[in-house]
There are 2 protein chains.
Amino acid sequence: MTHGKPRRSDATRAAILAAARERFGVDGYERATIRAIAADAGIDPTMVMRYYGNKEKLFAAAADVDLRLPDLMTVPSDQVGTRLAQHFLNRWEHDEAMAALLRAGATNEAAAQRMREILTTQLVPMVAAVCPDPSQAPTRAALVASQVLGAALCRYILRLSPLAEMPPQDITAWLGPTLQRYLRRV
Amino acid sequence: MTHGKPRRSDATRAAILAAARERFGVDGYERATIRAIAADAGIDPTMVMRYYGNKEKLFAAAADVDLRLPDLMTVPSDQVGTRLAQHFLNRWEHDEAMAALLRAGATNEAAAQRMREILTTQLVPMVAAVCPDPSQAPTRAALVASQVLGAALCRYILRLSPLAEMPPQDITAWLGPTLQRYLRRV
DNA sequence: GTCTATAATTCGATAGAC
DNA sequence: GTCTATCGAATTATAGAC
């Protein structure tokens with residue numbers, strides 16, 4: 001969301017956001033401190049407050065994730081499950097904001113609210129486009145979320161063996177048929 | 001684990017544990033305070049420290065959960081998935097310690113360690129008893145955990161609609177085939 | 001824009017009277 | 001066993017000098 005004129009201190013703001021995503025992702029909302037985030041970003045803690053107002057707004061900015069869901073209409077209908085599993089695995093591996101949101105959502109109501117919004121506004125419409133009966137989209141999307149978030153929880157947060165060490169393609173092979181069923185089963 | 005002689009203040013200890021399970025379950029590890037737990041139990045905060053030493057030990061006592069897994073050997077092999085889904089739904093609905101452990105495990109390393117122990121010592125052996133190749137038990141158990149924990153996360157922690165409001169039997173009907181595949185698919 | 005100093009809370013934990 | 005009082009540390013957030 002680029003405004004008309006880029007501010008001079010956008011680099012500093014970006015450094016703060018990167019540090020915030022990492023800290024919120026590793027420590028969760030409560031234990032991630034403004035001080036630690038500022039230290040990681042190499043600036044003064046006061047600057048964080050100046051730029052983002054308070055801790056809650058900083059988190060909202062750090063956890064403003066876009067699932068970047070693919071267009072499943074171009075995928076053969078018997079492969080949408082595997083394709084979606086691939087996509088989510090890739091997103092989790094490369095975007096720290098995903099872990100930040102998940103970890104914080106477990107203990108912080110505002111973060112949980114944001115997760116519900118993201119799932120409702122991004123995942124549900126995509127599911128509605130590929131599932132047999134669009135009126136079932138919220139239910140099917142919630143089931144997809146339950147498996148995707150559960151796998152991410154076990155792999156990235158709890159670091160449960162052997163799920164934490166498995167190659168992404170192995171996980172995709174297991175989760176693909178599950179998501180396929182949640183998306184398409186009549 | 002009843003010792004030889006029951007102590008006089010076991011009622012107080014039990015009240016503390018019940019309050020701790022609720023607070024840890026609702027607030028997570030960091031935001032659940034000794035003061036709030038003591039207030040819920042109707043006693044002095046000092047007593048909590050006296051009985052349990054410190055916050056970490058109190059949580060360990062509150063989150064000492066037993067999955068009470070059923071003996072799936074007595075269940076027809078094509079129904080183990082549904083039977084297991086039923087069991088977990090029932091456990092989540094009736095034991096606050098389950099939510100306490102899940103919520104805390106997301107932000108507290110000690111709690112995550114306890115979850116790994118519980119899954120390794122309780123779930124893996126059960127899976128080994130019913131899956132085709134026992135050497136795959138850790139992998140299959142982790143997949144079962146990913147779906148069960150993910151569903152619990154969405155339903156009880158994030159309160160994601162419509163999963164949060166669905167009747168348990170509807171959820172069982174969806175998750176049963178998934179768990180069946182994770183347990184038995186060759 | 002940047003930093004020092006500090007206000008205002010809150011928490012876990014302890015000492016000690018009774 | 002129970003409670004009062006409090007310590008010491010950590011946190012978010014603000015005020016204000018430069």
Side-chain angles (χ1 to χ4, degrees), chain A residues 3 5-63 100 103-104 106-111 114, chain B residues 3 5-63 100 103-104 106-111 114:
Chain A
H3 289 66
K5 49 181 177 181
R7 271 165 290 192
R8 181 174 37 165
S9 52
D10 278 346
T12 303
R13 296 177 69 95
I16 294 174
L17 265 194
R21 288 200 184 93
E22 179 169 351
R23 279 291 172 180
F24 282 128
V26 173
D27 295 333
Y29 183 83
E30 342 286 341
R31 290 178 43 213
T33 66
I34 303 279
R35 285 166 161 79
I37 292 170
D40 287 356
I43 59 161
D44 192 274
T46 313
M47 293 285 86
V48 179
M49 303 297 293
R50 184 175 180 85
Y51 283 136
Y52 291 96
N54 58 34
K55 185 178 181 179
E56 193 173 336
K57 291 179 185 173
L58 172 61
F59 175 80
R103 211 158 209 150
T107 51
N108 184 273
E109 174 53 29
R114 277 214 55 76
Chain B
H3 291 67
K5 50 182 176 181
R7 270 167 289 193
R8 181 176 32 166
S9 51
D10 278 346
T12 303
R13 296 178 68 95
I16 294 174
L17 266 195
R21 288 199 184 93
E22 180 169 353
R23 280 290 173 179
F24 282 127
V26 172
D27 295 334
Y29 183 83
E30 342 285 343
R31 290 179 43 214
T33 66
I34 302 280
R35 286 167 162 82
I37 292 169
D40 287 356
I43 59 162
D44 192 274
T46 314
M47 295 283 88
V48 179
M49 303 297 294
R50 183 175 181 85
Y51 283 136
Y52 291 96
N54 56 34
K55 186 178 180 178
E56 193 173 336
K57 292 178 184 172
L58 172 62
F59 175 79
R103 212 158 210 152
T107 52
N108 185 270
E109 174 52 30
R114 277 212 56 77

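We name chains A, B, ... by the order of the sequence lines, and we start the count at 1 in each one.
One interatomic measurement links the two molecules: CZ of A:Arg31 to P of C:dC11, which rounds to 17 Å at whole-angstrom precision. We find that CZ of B:Arg35 is positioned 13 Å from P of C:dT14, with the value rounded to whole Å. With rounding to whole Å, B:Glu30 atom CD is found 12 Å from C:dC11 atom C1'. Taking atom CZ on B:Phe59 and atom P on C:dG12, their separation rounds to 14 Å, with Å as the unit.
Ring orientation note: the planes of B:Tyr29 and B:Phe59 are nearly perpendicular, at an angle over 60° on the 30°/60° scale.
Side-chain atoms of A:Glu30 and A:Thr107 include a donor-acceptor pair closer than 3.5 Å.
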Begin with the C-alpha distance, continue with both residues' side-chain angles, and end with the deciding distance and a verdict on side-chain contact (heavy atoms from CB on, under 4.5 Å) for A:Lys57 and A:Tyr51. CA-CA 10 Å; A:Lys57 291 179 185 173; A:Tyr51 283 136; over 6 Å; no
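Considering every non-hydrogen atom in both A:Ala38 and A:Val48, the closest pair reads CB-CG2, 3.9 Å. Scanning all heavy atoms of the two residues, the minimum distance from B:Arg21 to B:Ala100 falls at O-CB, 3.7 Å. The heavy-atom pair separating A:Ala41 from A:Ala15 by the smallest distance is CB-O, 3.8 Å. Here the closest non-hydrogen pair linking A:Ala63 and A:Arg114 is O-NE, 3.7 Å.
With values rounded to the nearest 0.5 angstrom, B:Asp10 atom CG is found 10.5 Å from B:Leu17 atom CG.
Taking a 4.0 Å limit (strictly below) on heavy-atom distances, residues 14-25 of chain B does not reach DNA chain C anywhere. For DNA chain D, the residues of residues 43-58 of chain A within the heavy-atom distance limit of 4.0 Å (strictly under) are A:Met49, A:Asn54, A:Lys55, sorted by number.
Nucleic acid contact class of A:Ala38 (heavy atoms, under 4.0 Å, all strands): none.
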